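Can you keep this structure in mind? I'll have questions shortly.
Computed from a predicted structure; not experimentally measured. We use all heavy atoms of the structure for the numbers below, so side chains are in, but hydrogens, waters and symmetry mates are not.
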Amino acid sequence: MQTKSPLITTAMPVRVFLSVCAICAIDCGPTGNDAHVGARARPAAPLETAANDPHARPKAKRTRELVTGDALAGTRASMFLPLVPSTFEGFKAKTQPEGKDIDLGEGAALSILKRAYFKTSTALEIEIVDTEQAKPLRTLFEKTRELDRDTDAAVIKAVKVQGHKAVAQWNSTSKAARVTVLVDGRYLVNLSVRPTDDIASSVSLAEKLELSELTKLAADNEIAAH
């Protein structure tokens, strides 16, 4: 019997739902159900063009580009900077923090901040998403916690991180582990590490995040979309 996607069961208008899907990264592992509860902006696949063909279609432009530096200053996303320092548990940042406040239309919005790190041969990424005006992401988070899978191909486990509800995932294809924490019923904090052979590494690193910084933010501080 087929089951409906948790995103589709929400009451969000179709146009807004499609916008959320365009922003959200749903990474599927070998089981097809390993959902990434995040909001990573990804580029559209470039259109193939002939270098000297005057009639060739231009490459598709990336939409909702994340920004850094001065362009990031003053956004709500910049308020999450304490969670993405230049160094974290022996990892060094390889990029500047990237983020943006994004208006999805129909009263929906996202505020995103992320940063990539490295340590020897290990990659780490930390991502914070304000889902106050993007309920489908919180719904997907809750549905993913219910899956509870532990096989050689994939692991999905409901866990607690610093007392907050969380879900930890790993799959054998990417050798990546990810933990997603829901803070104050609003902020989704995603931490992913690879390569690794289990979820323990991601959970232990998530325990070191300054999640208390999110609880200090004003609950009524709305996203000023750009």
Side-chain angles (χ1 to χ4, degrees), residues 16 19-27 36-44 46 59-119 123-138 141 161-162 164 178-194 202 205-206 208-226:
V16 178
S19 297
V20 172
C21 288
I23 293 294
C24 302
I26 309 300
D27 294 334
H36 176 190
V37 189
R40 181 175 305 158
R42 290 187 171 180
K59 291 183 178 180
K61 294 183 179 180
R62 290 184 63 175
T63 59
R64 299 186 172 91
E65 284 277 0
L66 301 184
V67 298
T68 63
D70 291 342
L72 181 62
T75 65
R76 177 166 178 77
S78 67
M79 300 178 71
F80 309 149
L81 287 172
L83 277 81
V84 289
S86 58
T87 61
F88 177 73
E89 295 299 308
F91 288 85
K92 294 183 179 180
K94 63 180 181 180
T95 63
Q96 291 297 313
E98 301 176 286
K100 197 170 187 181
D101 300 336
I102 302 171
D103 184 1
L104 299 172
E106 301 290 347
L110 289 174
S111 189
I112 307 165
L113 185 75
K114 69 176 184 176
R115 196 169 195 178
Y117 299 82
F118 72 95
K119 180 171 67 174
L124 169 74
E125 184 175 274
I126 301 171
E127 178 185 69
I128 303 95
V129 186
D130 185 352
T131 70
E132 177 66 14
Q133 299 178 45
K135 185 179 178 181
L137 291 181
R138 299 194 302 277
F141 169 81
V161 172
Q162 300 180 34
H164 303 285
R178 179 173 56 251
V179 61
T180 300
V181 189
L182 180 63
V183 180
D184 280 359
R186 172 173 184 166
Y187 304 102
L188 285 174
V189 180
N190 301 295
L191 183 148
S192 60
V193 59
R194 61 179 173 84
S202 60
L205 285 169
K208 304 295 184 180
L209 290 169
E210 296 290 340
L211 298 180
S212 61
E213 294 295 329
L214 290 175
T215 65
K216 297 175 184 177
L217 298 179
D220 60 350
N221 193 340
E222 296 183 357
I223 300 171
H226 297 277

Query raised in the report: With a 4.5 Å heavy-atom cut-off, do L104 and L110 have their side chains touching?
Result: yes

Query - Pairwise ring-ring contact (aromatic ring centres under 6.0 Å, His included) hits with a residue in residues 97-117, at least two apart - result: none

Query raised in the report: Side-chain contact, heavy-atom cut-off 4.5 Å: K100 with I112?
Result: no

**Report entry** From CG (L83) to CG (L113), nearest 0.5 Å
**Finding:** 8.5 Å

**Report entry** Side-chain (E132) to main-chain (A109) donor-acceptor, under 3.5 angstrom
**Finding:** no

Query - Separation between CD1 of I102 and CG of D130, rounded to the nearest 0.5 Å - result: 11.5 Å

**Report entry** Greater than 12 external heavy atoms within 6.0 Å of K208's NZ
**Finding:** no

Query raised in the report: Can you tell if the side chain of S202 reaches within under 4.5 Å of the side chain of L205, non-hydrogen atoms only?
Result: no

Query raised in the report: Roughly how far, to the nearest 0.5 Å, is the CG atom of L214 from the CZ atom of R186?
Result: 10.0 Å

Query raised in the report: Mind checking whether V161 and V189 have side chains closer than 4.5 Å, heavy atoms only?
Result: no

Report summary line: So OG of S86 and NZ of K94: to nearest 0.5 Å the spacing works out to 15.5 Å

Query raised in the report: Would a 4.5 Å heavy-atom cut-off, applied to side chains only, mark L191 and F88 as touching?
Result: yes

Report summary line: Hits for side-chain contact (heavy atoms from CB on, under 4.5 Å) against T95, two or more places apart or cross-chain, chain-then-number order -> R115, A116

**Report entry** Spacing of R138 atom CZ and L182 atom CG [to the nearest 0.5 Å]
**Finding:** 8.0 Å

Report task. Please report the closest heavy-atom contact between V179 and A206, naming both atoms and the distance. Result -> CG1-CB, 3.4 Å

Report task. State whether the side chain of T131 and the backbone N or O of A134 hold a donor-acceptor pair below 3.5 Å, judged by distance alone. Result -> no

**Report entry** CZ-CG distance between R76 and L217, expressed to the nearest 0.5 angstrom
**Finding:** 5.5 Å

Query raised in the report: Mind checking what makes ring-ring contact (aromatic ring centres under 6.0 Å, His included) contact with F80, not counting sequence neighbours?
Result: Y187

Requested in this report: Keeping the roles fixed (side chain from S111, backbone from D101), state whether a donor-acceptor pair exists under 3.5 Å.
Outcome: no

Report summary line: Contacts of K92 meeting side-chain contact (heavy atoms from CB on, under 4.5 Å) (sequence neighbours excluded), chain-then-number -> T87, F118

Requested in this report: Decide yes or no for E125 and S192: does some side-chain heavy atom of the first lie under 4.5 Å from some side-chain heavy atom of the second?
Outcome: yes

Requested in this report: Measure across T180 and N190 and return the closest heavy-atom pair with its distance rounded to 0.1 Å.
Outcome: OG1-OD1, 2.7 Å

Query - Over all atoms of both residues, closest heavy-atom pair of L72 and P97 - result: CD2-O, 3.9 Å

Report task. With sequence neighbours left out, write down each residue that passes salt bridge (Lys or Arg N to Asp or Glu O under 4.0 Å) with E213, or none if nothing qualifies. Result -> K216

